[in-house]
Structures are given as structure tokens and as C-alpha cells.
Amino acid sequence: MFLHDQELPALLWKNYDNEIWNNNARKCLSCSSCNLVCPTCFCFDVRDENELNLENGRRIRTWDGCLLPDFAKVATGENFRKDRAARYRHRFMRKTKYIHDKFGFISCVGCGRCASVCLPDIADPVKVFNYLKEF
Ligand code: SF4
Ligand code: SF4
């Protein structure tokens, strides 16, 4: 089956409430490995580490990933994507619909790294996109 990348934003958006998000997310370990190996994922977090004397410290930047439970937690303690299925869906929406809306291209290069590291085998965009195309 042929699926053009420019079809993906509309296809994904049409399936925002598709059962696949909940069904696959039940198996998701929230490990974020799919984010960390992805060449187009760039999200990071910034943390402050204090020395015991409370006079010195350092500010460090670390990788972050949208599949991690605390990724969308804000300073007030609220988490606007605490549901695992919402986080799982967000990764696919981000790679296709949201980036395309802003820049006109999708942000998956089809390398398959995410598919190769996902233990429950639910991260492969090709499988998800083909399922939605045939749905
Ligand atoms: S296949 Fe796409 S989503 Fe997966 S790691 Fe490669 S670029 Fe990222
Ligand atoms: S989709 Fe797979 S690799 Fe990504 S967080 Fe879930 S279990 Fe981990």
C-alpha cells in the first residue's frame, strides 16, 4: 500500500480518537526509549543542582521525552498529559500533524530506531500509519 507523507497529518487528525492509542498504550512502559533514539526528537529539561554549602551549584541540561510521565508536569504540579495513552498519541501527532502545521513537513525520517528499541513493539510509525490507513 502506498501512503504519501503529506497524507499523514489529515489521517492522524481524523483518527485522534481511534482505539489504537488506548490499545497500544496499555503495553507502553513509559520508558521513553523511542524518544531518546530518535534523530528528530530534541526536547530537553533544565535542572539546578545545589552544593551542600548552598552557595555553589550548576545548571545542567538533560534529555527529556514526551513519553515520560513527568514531561508535561508544570510548576503548579498539574500534569496536562498524565494519561499514558495521551502521551503515546502525542508522539505520533507531534511527528506528523503538529510539526507539519508549523513547517509543512513531517518529522519522521523512517529510520526505524524507535521500532528497534521498543520492547512491547508499539513504537513503529509504519505499523501505526498503515493500521490507520486501513482502518
Ligand atoms: S522512525 Fe521516525 S519516529 Fe522512529 S526514530 Fe526514526 S525518525 Fe524517529
Ligand atoms: S512506545 Fe515503546 S519505547 Fe516508547 S515509551 Fe512506550 S514502551 Fe518505551
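For clarity, every value in this text was computed on a predicted model and none was experimentally measured. Order of appearance sets the numbers: ligands from 1, and atoms from 1 within every ligand.
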Enquirer: Do any of the N/O/S atoms of Cys31, backbone or side chain, fall under 2.8 Å from atom 4 (Fe) of ligand 2?
Expert: no

Enquirer: Mind checking whether Arg94 contacts ligand 1 via backbone (N, CA, C, O), side chain (CB onward), both or neither, at a 4.0 Å heavy-atom cut-off?
Expert: neither

Enquirer: Under the 3.5 angstrom rule, does the side chain of Asn53 hit a backbone N or O of Asn56 as a donor-acceptor pair?
Expert: yes

Enquirer: For atom 3 (S) of ligand 1, what's the nearest protein heavy atom and its distance?
Expert: Arg91 NH2, 3.5 Å

Enquirer: Is any side-chain heavy atom of Arg113 less than 4.5 Å from a side-chain heavy atom of Cys34?
Expert: no

Enquirer: How close does the nearest protein non-hydrogen atom get to atom 1 (S) of ligand 1, and which residue and atom is it?
Expert: Gly112 N, 3.2 Å

Enquirer: Which residue owns the protein heavy atom closest to atom 7 (S) of ligand 1, what's the atom, and how far is it?
Expert: Val109 N, 3.3 Å

Enquirer: Are any side-chain N or O atoms of Ser30 and backbone N or O atoms of Pro69, one a donor and one an acceptor, separated by less than 3.5 Å?
Expert: no

Enquirer: Which word best sums up how the rings of Tyr131 and Phe135 line up, parallel for under 30°, tilted for 30 to 60°, or perpendicular for over 60°?
Expert: tilted

Enquirer: Would Asp45 and Arg47 pass as an ion pair if we require N to O under 4.0 Å?
Expert: yes

Enquirer: Take Leu8 and Lys97, measure what side chain to side chain contact (heavy atoms under 4.5 Å, CB included) needs, and give me the verdict at the end.
Expert: CA-CA 7 Å; Leu8 289 170; Lys97 172 89 173 101; over 6 Å; no

Enquirer: Taking only heavy atoms of Ile122 into account, list the atoms of ligand 2 that are under 4.0 Å away from them.
Expert: 1 (S)

Enquirer: Report the nearest protein non-hydrogen atom to atom 4 (Fe) of ligand 1: residue, atom name, distance rounded to 0.1 Å.
Expert: Cys114 SG, 2.3 Å

Enquirer: Could you tell me, atom by atom, which parts of ligand 2 come under 4.0 Å of a heavy atom of Cys34?
Expert: 1 (S), 3 (S), 4 (Fe), 5 (S)

Enquirer: With atoms numbered from 1 as shown, which atoms in ligand 2 lie under 4.0 angstrom from a non-hydrogen atom of Ser32?
Expert: 5 (S), 8 (Fe)

Enquirer: Step by step, work out the ring-ring contact (aromatic ring centres under 6.0 Å, His included) result for Trp21 and Phe92.
Expert: CA-CA 10 Å; Trp21 312 123; Phe92 292 95; 5.7 Å; yes

Enquirer: Would Lys127 and Asp121 pass as an ion pair if we require N to O under 4.0 Å?
Expert: yes

Enquirer: Return the closest protein heavy atom for atom 2 (Fe) of ligand 1 as residue, atom name and distance.
Expert: Cys108 SG, 2.3 Å

Enquirer: In the protein, what heavy atom is nearest to atom 6 (Fe) of ligand 1, and what distance, to one decimal place, separates them?
Expert: Cys111 SG, 2.3 Å

Enquirer: Without swapping roles, check the side chain of Asp70 against the backbone of Lys73 for a donor-acceptor pair under 3.5 Å.
Expert: no

Enquirer: Side chain or backbone of Pro120 under 4.0 Å from ligand 2, or both, or neither, by non-hydrogen atoms?
Expert: side chain

Enquirer: Would one find an N, O or S atom of Cys38, in either backbone or side chain, under 2.8 Å from atom 8 (Fe) of ligand 1?
Expert: yes

